[in-house]
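Letters go in sequence order (proteins before strands), and every chain restarts at 1.
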Protein chains: 2
Amino acid sequence: MARAATTADPFNAIAERRRREILALLGRGERPVNDLVRSTGLAQPQVSKHLRVLRRVGLVRVRRVGRQRVYRLDTSGLRPVREWLDVVLREWQAKRRPRGRAL
Amino acid sequence: MARAATTADPFNAIAERRRREILALLGRGERPVNDLVRSTGLAQPQVSKHLRVLRRVGLVRVRRVGRQRVYRLDTSGLRPVREWLDVVLREWQAKRRPRGRAL
DNA sequence: TTGCCACATTCCCAGATGGGCACATATCAG
DNA sequence: CTGATATGTGCCCATCTGGGAATGTGGCAA
């Protein structure tokens with residue numbers, strides 16, 4: 001088997017640097033594609049492709065405004081990541097600091 | 001260019017399901033390879049390979065005990081992920097709930 | 001030394017990119 | 001309709017990958 005598709009889940013989607021960059025930008029507010037193109041310095045087609053991946057995994061949503069497409073971050077898509085991280089770190093903490101037994 | 005190496009950073013490393021599984025197991029405490037092999041149901045070589053990737057990105061550490069190698073989670077390696085996630089979510093919240101101005 | 005055990009490494013290969021580039025589409029101004 | 005603007009898609013290709021199977025290696029027991 002080869003590597004999983006980038007659209008397999010949020011973990012694979014955010015593995016790509018540029019996509020994280022795009023998500024970070026969208027975290028500060030919605031933006032049309034060309035805005036992202038300028039901010040990232042990437043070619044427009046590349047940005048569109050990254051956005052497509054982010055769309056497929058539910059990390060962003062689009063809204064059409066005239067001939068533009070305004071992208072918006074959908075934080076719910078990051079939930080699995082947050083949760084996995086929390087579980088791992090939480091359990092680790094529980095093991096590392098059993099001081100005074102658990103409550 | 002192709003996809004970044006799985007050993008490029010923690011984001012790429014945890015993109016793989018099996019590796020997340022291994023990290024979750026290690027979150028509950030150190031374990032020798034064979035333990036992980038049993039828990040994951042993967043073949044030993046595969047587990048070793050995943051562990052190698054996790055080692056390279058600093059997500060786990062090894063300790064030799066006799067002929068075994070005990071792996072331990074190194075949470076500091078997850079910091080970049082935690083931080084990126086926090087920044088994105090925090091900024092998003094700031095935009096979504098500007099109630100009563102910022103403090 | 002011999003043999004076994006716990007792991008790591010190497011080789012092979014189909015599958016999935018990400019960027020560059022050309023091109024298709026949709027919308028809006030004239 | 002025509003041209004310009006804003007995006008999405010298709011194609012090509014070097015590169016990295018995860019699993020399977022075989023092999024290499026260090027430590028321990030007899």
Of all the nucleotides listed ([options]), which has the minimum atom distance to the side chain of [X]?
X	options	value
B:R52	C:dT9, C:dG18, C:dG20	C:dT9
B:S48	C:dT9, C:dG20, D:dG19	C:dT9
B:R19	D:dG18, D:dG10, C:dG18	D:dG18
B:V33	D:dG19, C:dA8, C:dA16	C:dA8
B:Q68	C:dC7, C:dG19, D:dT9	C:dC7
A:A5	C:dT17, D:dT9, C:dT10	C:dT17

Nucleotide [N], atom [atom2] - distance to [atom1] of [X] in whole Å:
X	N	atom1	atom2	result
B:L36	C:dA8	CG	P	10 Å
A:E21	C:dG19	CD	P	10 Å
B:F11	D:dT17	CZ	P	17 Å
B:R3	C:dG19	CZ	P	12 Å
A:R56	D:dG8	CZ	P	12 Å
A:N34	D:dT5	CG	C1'	9 Å
A:L51	D:dG8	CG	C1'	10 Å
A:E16	C:dT17	CD	P	11 Å

(request) Please report the C-alpha distance between A:V57 and A:N12 in whole Å, then the side-chain angles of each, then the deciding distance to 0.1 Å, and finally whether the side chain to side chain contact (heavy atoms under 4.5 Å, CB included) criterion is met. (result) CA-CA 9 Å; A:V57 292; A:N12 278 284; over 6 Å; no

(request) Would you mind telling me which residue lines up with the more 5' stretch of DNA chain D, B:A2 or B:R69, judged by nearest nucleotide? (result) B:A2

(message) Return whichever of B:H50 or A:R67 has its heavy-atom-nearest nucleotide of DNA chain D closer to the 5' end.
(response) A:R67

Would you say a side-chain N or O of [X] is under 4.0 Å from OP1 or OP2 of [N]?
X	N	answer
B:R64	C:dA6	no
B:Q46	D:dG20	yes
B:Y71	C:dA8	yes

(message) I need the single residue from A:Q46, A:Q44, A:R52, A:H50 that forms a side chain to side chain donor-acceptor pair (under 3.5 Å) with A:S48. Which is it?
(response) A:Q44

(message) Regarding A:P45, tell me which of base, sugar-phosphate or nothing describes its non-hydrogen contacts under 4.0 Å with the strands shown.
(response) base

(request) Go through the N and O atoms of the side chain of A:Q44 and the base of D:dG8, and report whether any donor-acceptor pair is under 3.5 Å. (result)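 Pair found.
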
(message) Side chains of B:R3 and A:T6 only: does a donor on one sit below 3.5 Å from an acceptor on the other?
(response) no

(request) Inspect the surroundings of CZ in A:R55 and state if more than 12 heavy atoms from other residues, nucleotides or ligands are less than 6.0 Å away. (result)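 Buried by this count: over 12 neighbours within 6.0 Å.
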
(message) Within this structure, what is the CG-CG distance for the pair B:L51 and B:L59, rounded to the nearest 0.5 Å?
(response) 11.0 Å

(message) Both A:T6 and B:V62 contact DNA chain C. Taking the nearest nucleotide for each, which residue is further toward the 5' end?
(response)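 By nearest-heavy-atom nucleotide position, the 5'-most residue is B:V62.
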
(message) Between A:R20 (side chain only) and A:I14 (backbone N and O only), is there a donor and an acceptor less than 3.5 Å apart?
(response)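 The answer is yes, because a donor-acceptor pair under 3.5 Å joins these two groups.
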
